[in-house]
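Contents: one structure, followed by commentary.
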Amino acid sequence: AVLASSALALPATPAAAALPQRLVEMASVSNGCRIRVESSVSGHPLRCNTSWNVHENEFLLTDLGDDFSVYSIARRQYVSANLSVTGIPLQARTGTVGSWEHFGFHATTYNGRQAYYIESYGYRNNAPGNVDDIVSANFSVTGIPLQVRSLGVGSWELFYLYDVAS
């Protein structure tokens, strides 16, 4: 089913009625902080932040068949793994879905709850499941955005998804 809201202008997608969509907030499993778009920062990175702001924490996931696009409600832009920047940050920076805007959401269980690790298909190194294309929240450095950098899946690479009432 397609999520819709009269309060939100959702992006047009090819054959949008046929593509399942889910409006979510994401939180880090490691420390529970919310993932949000930093609209006031150049490049509009996704960061782990303890504050909550309506729509800055909301993302529309659209099932593209084998993967998903991630759309920032706050920026009205698709999230991209920016391969041209050192550290490969996730940024809400483009109006269309290209190869850098494809992500896999892989379900797993963590402490008895369903969590997801996110794989960047734009950075995919040869085949699905490679360990260098997983999104990580780097809590060891303040202000670092989510990055495609992981060499494995641990608590820093796991995220809870919370449905947002439409």
Side-chain angles (χ1 to χ4, degrees), residues 2-13 16 19-64 67-106 115-124 133-150 153 155-166:
V2 175
L3 296 177
S5 170
S6 58
L8 300 174
L10 299 179
T13 57
L19 298 175
Q21 294 179 324
R22 182 176 175 190
L23 188 61
V24 300
E25 290 183 356
M26 295 183 279
S28 166
V29 165
S30 186
N31 69 358
C33 73
R34 301 286 179 156
I35 305 304
R36 66 182 272 188
V37 173
E38 296 290 346
S39 296
S40 63
V41 176
S42 177
H44 313 293
L46 275 64
R47 291 191 178 150
C48 194
N49 196 307
T50 55
S51 67
W52 184 86
N53 189 344
V54 176
H55 301 313
E56 284 189 352
N57 299 61
E58 295 177 357
F59 299 92
L60 184 67
L61 307 181
T62 300
D63 187 341
L64 302 174
D67 51 15
F68 292 84
S69 66
V70 180
Y71 182 81
S72 165
I73 298 300
R75 289 287 309 147
R76 300 186 190 283
Q77 298 280 306
Y78 287 96
V79 172
S80 174
N82 191 345
L83 306 181
S84 63
V85 175
T86 301
I88 311 174
L90 295 191
Q91 299 173 312
R93 65 185 207 101
T94 183
T96 59
V97 176
S99 62
W100 293 4
E101 292 76 37
H102 288 252
F103 298 91
F105 282 77
H106 305 280
Y116 296 83
Y117 68 91
I118 304 168
E119 183 178 11
S120 169
Y121 288 175
Y123 185 66
R124 183 180 283 169
D133 57 2
I134 306 299
V135 173
S136 181
N138 187 350
F139 300 121
S140 63
V141 181
T142 303
I144 297 295
L146 299 185
Q147 296 175 312
V148 179
R149 69 179 194 97
S150 179
V153 177
S155 62
W156 289 16
E157 291 76 35
L158 293 174
F159 302 90
Y160 293 127
L161 300 183
Y162 299 98
D163 289 314
V164 175
S166 58

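Fair warning: this is a prediction, and the values are worked out from it, not measured in the lab.
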Can S80 and N82 be said to form a side chain to side chain donor-acceptor pair (under 3.5 Å), step by step?
CA-CA 6 Å; S80 174; N82 191 345; 5.9 Å; no
Which value, rounded to the nearest 0.5 Å, describes the distance between L60 atom CG and Q21 atom CD?
4.5 Å
Partner of R22 by side chain to side chain donor-acceptor pair (under 3.5 Å), out of D163, D63, T62
D163
Short side-chain donor-acceptor distance under 3.5 Å, S136 and E157
yes
Check whether any side-chain heavy atom of R47 lies under 4.5 Å from a side-chain heavy atom of L146, and answer yes or no.
no
Looking at every non-hydrogen atom in both residues, tell me the closest pair between V29 and S155 and how far apart they are.
CB-O, 4.0 Å
Between R75 and H44, is the side chain to side chain donor-acceptor pair (under 3.5 Å) condition met? List the steps.
CA-CA 8 Å; R75 289 287 309 147; H44 313 293; 3.1 Å; yes
Within the structure provided, determine whether Y162 and N57 are in side-chain contact (heavy-atom separation under 4.5 Å).
no
Kindly say whether the aromatic ring centers of Y78 and Y71 come within a distance under 6.0 Å.
yes
Write down the atom of W156, the atom of S30, and the distance for their closest heavy-atom approach.
CD1-OG, 3.2 Å
Measure the acute angle between the ring planes of F105 and F68, then classify it against the limits of 30° and 60° as parallel, tilted or perpendicular.
perpendicular
One should read off an interatomic distance between R93 CZ and S72 OG, to the nearest 0.5 angstrom, of 13.5 Å
Of all heavy-atom pairs between A115 and L158, which one has the smallest distance, and what is that distance?
CB-CB, 4.4 Å
Run the side chain to side chain contact (heavy atoms under 4.5 Å, CB included) check on E119 and V135 step by step: do they pass?
CA-CA 6 Å; E119 183 178 11; V135 173; over 6 Å; no
Euclidean distance, I118 CD1 relative to D133 CG, rounded to 0.5 Å
12.0 Å
Steps toward side chain to side chain contact (heavy atoms under 4.5 Å, CB included) verdict (L23, I73):
CA-CA 9 Å; L23 188 61; I73 298 300; 3.7 Å; yes
Starting at CD of Q91, measure out to CD of E38 and round the result to the nearest 0.5 Å.
12.0 Å
Quick one: is the NZ or CZ of R34 closer than 6.0 Å to the six-membered ring centre of Y160, and within 45° of its axis?
no
Rounding to 0.5 Å, atoms CZ (F103) and CG (D67) come to a distance of 9.5 Å
What is the distance from atom SG of C48 to atom CZ of F159, rounded to the nearest 0.5 Å?
7.5 Å
Checking Q147 side chain against I88 main chain: does a donor-acceptor pair fall under 3.5 Å?
no
